[in-house]
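Side-chain atoms are counted along with the backbone in the values below, which use heavy atoms only and exclude waters and symmetry mates. Below, read A as the first sequence line, B as the second, and so on, with proteins coming before strands; counting in each chain starts at 1. The shown structure was predicted, so the numbers you read here are calculated from the model rather than taken from an experiment.
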Amino acid sequence: MTRHLITSAIPYINGIKHLGNLVGSQLPADLYARYQRGRGHEVLFLCATDEHGTPAELAAAKAGKPVAEYCREMHAIQAEIAKGFGLSFDHFGRSSSPQNHRLTQHFAGRLAEAGLIGEVSEKQVYSNADGRFLPDRYIEGTCPNCGYDKARGDQCENCTKQLDPTDLIEPRSAISGSTDLEVRETKHLYLRQSGLKDQLDAWIDGKTDWPILTTSIAKKWLHDGDGLQDRGITRDLDWGIPVKKGDDDWPGMEGKVFYVWFDAPIEYIACAGEWAEATGRADAEWERWWRTDKGAQDVRYTQFMGKDNVPFHTLSFPATLIGSGEPWKMVDYIKSFNYLNYDGGQFSTSQGRGVFMDQALEILPADYWRWWLLSHAPESSDSEFTWENFQASVNKDLADVLGNFVSRITKFCRSKFGEAVPDGGAYGAQEEVLIADLQARLRRYETCMEAMEVRKSAQELRAIWVAGNEYLQSAAPWATVKEDPERAAAQVRMGLNLIRFYAVISAPFIPTASARMLSAMNTLETDWPTDVDAALRALPGGHAFTVPDVLFAKITDEQREDWQTRFSGTRD
RNA sequence: GGGCCUGUAGCUCAAUUGGUUAGAGCAGAGCGCUCAUAACGCUUUGGUUGGGGGUUCGAGUCCCUCCGGGCCUACCA
């Protein structure tokens, strides 16, 4: 038995995430976690909200609430929605937790002792009206290159030229519009990751089985230009983890906090501590997942994330762990995703474009979304959501192929044999062929799931569902029942057992429907069907069941058009 | 500007890493079945693999070039 530590990139706190965010990290991570649990492995699946940084402060101000209160509320909302989507986190933590405060300060202290922290004095733009330093992209002005009047301090969106905030003509705060800006001297800590370049390089070089998307981004950062650059890990903000050297104050760093990207990955570890606390476990219980000197040597750690997160997970976070000189568990596999686009453009949180998680659940159950998103996951390139494609896939795959299979066999049994698995007859040659076929198909499905080939796994699963319809078609119990009731009994018994079999293996994709199938089949037997022959005899003759309601209602053209219109604009 | 990814059937995607005649699902066409959510099964139409050039016995795959889409480029996260 392997122990699987699984983390999803932690979603940012400022608002409800859209379907693109979901499919890029949390959902595939949940698929993998559910699958590994289903296979009988010990799994610790962690996620959290990422709560620090400028956007959180601004979002709270906009909502007219103290940041801490805003974050607490948004965390509760995100947790509720995650639950609605069936995301089976063992713990959904917060990067603002006391555990993360302690650990982040601890790592900073260790890195400082190792000589990997440098102090750099730099000039930054301060807005008197806003009472805060402004990150480059929060400064707007006229582009010196093309004259565009809404150029940002980091880059002009119009001519794509990279800029420095001081290049802008008539610079103003993007927050308040104030032009009362000044350049101030401020001191910050830098992580000297350049000093760890060779170790990181060797580590990445050893990851030959990682997605190209993951390693190519890492290598680009390692080798581009002068190579890996040191990175600022502190900011002049109020909300965040105070800069400390372990438990000690950091002279000269008073009033400053750690940069959100320094503390966010550390939350993966802190979250395990939160999980232990929340479930009444001792510290040793979470340490055996994270410390290779305390039992984590046999842990396999997999991270899931969108491509924009890759540099931090392949370079700065590993640099933090390596630089600490302590035996922390390093990631074994990084599964990264491209982006999901919405109907010809990008999903956008800031512009409110696309379908957001709460809206999705308002119109359809989670399984519909889970199935479509996972079977179209942007693995090899960006992929696109369209309502037509969504309607077609859901109706065909879920309603027609799987849902109707459950419906046809349970209703046929009820009318000919009553609501119990028919007794009598025995599996014959036809059933042996089916079992052999399913055994082979299940192996392929397992292989794809182990490899985290999400779309391919969905295809294999669908083919297994189709095999049930093929069997029924050729067995034709509606015909055999007239001449050979014993034979028909065996065929129907097979059909009903297939429902239970499907429920078990489909649970990682569509957990709610799977639970309903199991409930209809009146069984708690959910062991992974390693032996397909035995699995298809689990429900014996005489076992009572009920005919479930329609498993998946079809999406009508009217609904589709309605939603198309409703989601064509932008959200407040 | 630089780096990376990507372009395959009307649509969404494959193709054992250079190896026979480029495959699936959906949509379309035909047939079958009547248990079922007008569902299911079988058969079938559909491709100058974005354009052009090159390497090779052999190219969707490698090289060059042009065209299109996307991401990243270190102070958003």
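A sub-4.0 Å separation between OP1 or OP2 of B:rC40 and a side-chain N or O of A:Lys396 is present. Distances shorter than 4.0 Å separate none of the side-chain N or O atoms of A:Arg408 from OP1 or OP2 on B:rC35. At the phosphate of B:rC76, neither OP1 nor OP2 sits under 4.0 Å from any side-chain N or O atom of A:Tyr259.
Nearest approach of A:Val401 to A:Arg462, heavy atoms of both residues: CG2-NH1, 3.9 Å.
Across B:rG41, B:rC26, B:rG70, the shortest atom-to-atom separation from the side chain of A:Arg462 is found for B:rC26. Among B:rG25, B:rC13, B:rA77, the nucleotide with an atom closest to any side-chain atom of A:Asp308 is B:rA77. Checked against B:rA39, B:rC72, B:rC35, the side chain of A:Trp221 finds its nearest nucleotide in B:rC72. Across B:rG41, B:rA39, B:rC4, the shortest atom-to-atom separation from the side chain of A:Lys554 is found for B:rA39. Relative to the side chain of A:Tyr339, the nucleotides B:rC72, B:rC13, B:rU37 differ in distance, and B:rC72 lies closest. Listed candidates were B:rC4, B:rA36, B:rA77. Nearest to the side chain of A:Val260 is B:rA77. Nearest to the side-chain atoms of A:Trp478 among the listed nucleotides B:rA74, B:rC33, B:rG3 stands B:rC33. For A:Glu470, whose side chain is taken as the heavy atoms from C-beta onward, the closest listed nucleotide among B:rC40, B:rC42, B:rC26 is B:rC42. The A:Lys307 side chain lies nearest to B:rG70 when the options are B:rC13, B:rC40, B:rG70. With distances taken from any side-chain atom of A:Gln473 to the nucleotides B:rU12, B:rG41, B:rG2, the minimum falls on B:rG41.
In this structure, A:Phe337 atom CZ and B:rC4 atom P are separated by 23 Å, rounded to whole Å. One interatomic measurement links the two molecules: NE2 of A:His376 to P of B:rA14, which rounds to 11 Å at whole-angstrom precision. Summarising the geometry, the separation between OH on A:Tyr471 and P on B:rC40 is reported as 19 Å, rounded to the nearest angstrom. As rounded to whole Å, 14 Å separates atom P of B:rC76 from atom CG of A:Asp50. Going from atom CH2 of A:Trp371 over to atom C1' of B:rC26 covers 13 Å, rounded to whole Å. Computed from coordinates, the A:Asn389 CG to B:rU12 C1' distance equals 5 Å when rounded to whole Å. Atom OH of A:Tyr138 is separated from atom P of B:rC76 by 9 Å (rounded to the nearest Å). For A:Glu384 and B:rG70, the CD to C1' distance is 12 Å, given to the nearest whole Å.
Among the atoms of the strands shown, none is found under 4.0 Å from any heavy atom of A:Glu460. In this structure, A:Lys220 reaches the bases: a heavy-atom distance under 4.0 Å links it to at least one base atom across the strands shown. A:Pro55 comes within 4.0 angstrom of the backbone, heavy atoms only, and of no base. A:Phe552 comes within 4.0 angstrom of a nucleotide base, judged by non-hydrogen atoms across all strands. Looking at heavy-atom distances under 4.0 Å, A:Gly53 makes contact with sugar-phosphate atoms alone, never a base. In this structure, A:Asp136 reaches the bases: a heavy-atom distance under 4.0 Å links it to at least one base atom across the strands shown. Using a 4.0 Å heavy-atom distance criterion, A:Ser383 is classed as a sugar-phosphate-only contact. A:Val310 comes within contact range of no nucleotide atom at all, as no heavy-atom separation falls under 4.0 Å.
A ring-centre distance under 6.0 Å is found for A:Tyr268 and A:His313.
Side-chain N/O atoms of A:Ser127 and A:Ser178 include no donor and acceptor closer than 3.5 Å. Side-chain contact of A:Asn100 with A:Ser95: a donor-acceptor pair under 3.5 Å is absent, judged by distance alone. For the residue pair A:Lys123 / A:Thr166, no side-chain donor-acceptor distance below 3.5 Å is found, with atom types taken as modelled. A:Ser506 and A:Trp465 share a side-chain donor-acceptor pair at under 3.5 Å.
For the pair A:Phe412 and B:rC35, the ring geometry does not qualify as stacking, because the centroid separation below 5.5 Å and plane angle under 30° are not jointly satisfied.
Within 3.5 Å, no donor on the side chain of A:Asn404 pairs with an acceptor on the base of B:rA39, nor the reverse.
Partner of A:Gln491 under the side-chain contact (heavy atoms from CB on, under 4.5 Å) criterion, out of A:Asp484, A:Thr480, A:Leu496: A:Thr480 alone.
Toward the 5' end of RNA chain B, the nearer of the two residues A:Ser216 and A:Phe312, judged by each one's closest nucleotide, is A:Ser216. Positionally, the nearest nucleotide of RNA chain B for A:Ile409 lies more toward the 5' end than for the other of A:Ile409 and A:Pro135.
Pair check for B:rG32 finds B:rC40; Watson-Crick or G-U wobble, both atom distances under 3.5 Å.
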